[in-house]
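Residue numbers count from 1 along this sequence.
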Amino acid sequence: KMEGLPDASAFSTKLKNTLIQYHSIEDDKWRVAKKTKDVTVWRKPSEEFSGYLYKAQGVVDDTVNCVIDHLRPGPCRLYWDSLMTSLDILEHFEENCCVMRYTTAGQLWNIISPREFVDFSYTVGYKEGLLSCGISLDWSEKRSEFVRGYNHPCGWFCVPLKDSPNQSLLTGYIQTDLRGMIPQSAVDTAMASTLTNFYGDLRKALQKA
């Protein structure tokens, strides 16, 4: 099953470095895609594929560890993330490193049908906080009821606010190739909204936790 599985340590280092590179892209390279009172989403053309690299940022009222525990692969994520419909860990390398398969719900009145992804996921310390990042793998076993999407390098940086360690600044970088026959404009509309909703779902889950 695990054909083409990466050497986990080399692969995770490269992935981490790619995310840190995104995190240092100058502000003037980004265009605002959507702004709400507590989340901003920007985008720029991706260097990986023909779509966009999205950047989302907002403050979340909880500690870094608690936020990342909600984001990293596991049952907790499935419980609160309204877009995710299933999540299975296929392979564990070490505590902070795994391969997961997950499915997402249809979006935009099902213009975007349900998708399946198989991602390598890695969580690592970053400055005073954590980085949880992932990338899709080419996985041969497919399920006919899902279109297989592909996540180019993506991840979430979570660091404590300087004056308020019980609050975290959460910055995400997402570049998803949904594949299948969808107009790019539908993808762009969905992505910006999905990211702002994601913060809303996460905040609600953390309040309950």
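- Heavy atoms of other residues, nucleotides or ligands lying less than 6.0 angstrom from NZ of Lys204 number 12 at most.
- Counting only heavy atoms from C-beta outward, the side chains of Arg43 and Asp188 approach each other to under 4.5 Å.
- The heavy-atom pair separating Arg148 from Glu141 by the smallest distance is NH2-O, 2.7 Å.
- With hydrogens and angles left out, the side-chain atoms of Gln175 and Ser46 include a donor and acceptor closer than 3.5 Å.
- Taking the six-membered ring where the residue is Trp, His152 and Phe49 present parallel rings, their angle staying beneath 30° rather than reaching 60°.
- The CZ atom of Phe198 sits 9.5 Å away from the CG atom of Leu83 when rounded to the nearest 0.5 Å.
- Put simply, CD on Glu48 and OG1 on Thr176 are 12.0 Å apart, with the number rounded to the nearest 0.5 Å.
- In this structure, Phe117 has its ring center at least 6.0 angstrom away from the ring center of Trp139.
- Hydrophobic clustering, with ILVMFWY side chains joined whenever heavy atoms are under 4.5 angstrom apart, keeps Val147 apart from Met191.
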Does the pair Ile20 and Phe157 meet the rule for a side chain to side chain contact (heavy atoms under 4.5 Å, CB included), with working shown? CA-CA 9 Å; Ile20 289 171; Phe157 289 88; 4.2 Å; yes
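- Once rounded to the nearest 0.5 Å, the distance linking CG of Leu15 with SG of Cys154 reads 8.0 Å.
- A distance of 7.0 Å separates CD1 of Ile135 from OG1 of Thr18, quoted to the nearest 0.5 Å.
- The CG atom of Asp201 sits 11.0 Å away from atom CG of Leu206, with the distance rounded to the nearest 0.5 Å.
- Taking each heavy atom of Ile112 and Ala190 in turn, the nearest pair found is CD1-CB, 3.7 Å.
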Just do the side chain to side chain contact (heavy atoms under 4.5 Å, CB included) check on Leu178 and Arg115 with the steps written out, would you? CA-CA 7 Å; Leu178 289 167; Arg115 290 293 189 271; 3.9 Å; yes
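- Counting only distance, with no hydrogens or angles, the side chain of Asp88 and the backbone of Leu90 share no donor-acceptor pair below 3.5 Å.
- Remark: the backbone N or O of Arg179 is paired with a side-chain donor or acceptor of Asp177 at under 3.5 angstrom.
- In terms of the side chain to side chain contact (heavy atoms under 4.5 Å, CB included) criterion, residue partners of Ser12 (sequence neighbours excluded) are, by chain and number, Phe120, Tyr122.
- In this structure, Ser9 and Thr13 approach most closely via the heavy-atom pair O-OG1, 2.9 Å.
- Side chain to side chain, Asn166 and Thr63 fail the donor-acceptor criterion of an N or O pair below 3.5 Å.
- Proximity of a side-chain donor or acceptor of Thr123 to a complementary backbone N or O of Ser132 within less than 3.5 Å is not detected.
- The salt bridge (Lys or Arg N to Asp or Glu O under 4.0 Å) test applied to Arg203 returns Asp38, not counting sequence neighbours.
- Annotation for Tyr22 and Pro153: closest pair CE1-O, 3.6 Å, computed over non-hydrogen atoms.
- Between Ser193 and Thr196, the shortest heavy-atom contact is O-OG1, 3.0 Å.
- At distances below 3.5 Å, not a single donor-acceptor pair connects side-chain atoms of Arg77 with backbone N or O atoms of Arg72.
- Between Gln167 and Asp62, the closest side-chain pair of non-hydrogen atoms is not below 4.5 Å.
- Judged by distance alone, the side chain of Trp42 and the main-chain N or O of Ala56 form no donor-acceptor pair under 3.5 Å.
- Pairs passing the side-chain hydrogen bond (donor to acceptor under 3.5 Å, both in side chains) check and including a residue from residues 26-35, sequence neighbours excluded, read Lys35-Thr40.
- Leu130 is not listed as a side-chain neighbour of Val124, based on a closest heavy-atom distance of 4.5 Å or more.
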For Leu53 and Tyr173, what are the C-alpha separation, side-chain angles and deciding distance, and is it a side chain to side chain contact (heavy atoms under 4.5 Å, CB included)? CA-CA 7 Å; Leu53 169 63; Tyr173 295 90; 4.2 Å; yes
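- The distance from atom CZ of Phe146 to atom OH of Tyr102, rounded to the nearest 0.5 Å, is 12.5 Å.
- When atom types are taken as modelled, the side chain of Ser168 and the backbone of Cys158 share no donor-acceptor pair closer than 3.5 angstrom.
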Criterion side chain to side chain donor-acceptor pair (under 3.5 Å) on Thr171 and Gln57, from CA distance to verdict: CA-CA 4 Å; Thr171 309; Gln57 190 169 69; 2.7 Å; yes
List the steps and the verdict of side chain to side chain contact (heavy atoms under 4.5 Å, CB included) for Val118 and Val99. CA-CA 7 Å; Val118 176; Val99 174; 3.8 Å; yes
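- Here the closest heavy-atom approach between residue Leu202 and residue Leu170 is recorded as CD2-CD2, 3.5 Å.
- Judged by distance alone, with hydrogens and angles left aside, the side-chain atoms of Thr85 form a donor-acceptor pair with the main-chain N or O of Thr103 at under 3.5 Å.
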Quick one: do Tyr126 and Trp156 satisfy ring pair (Phe, Tyr, Trp, His ring centres under 6.0 Å)? Show the steps, please. CA-CA 11 Å; Tyr126 173 77; Trp156 296 92; over 10 Å; no
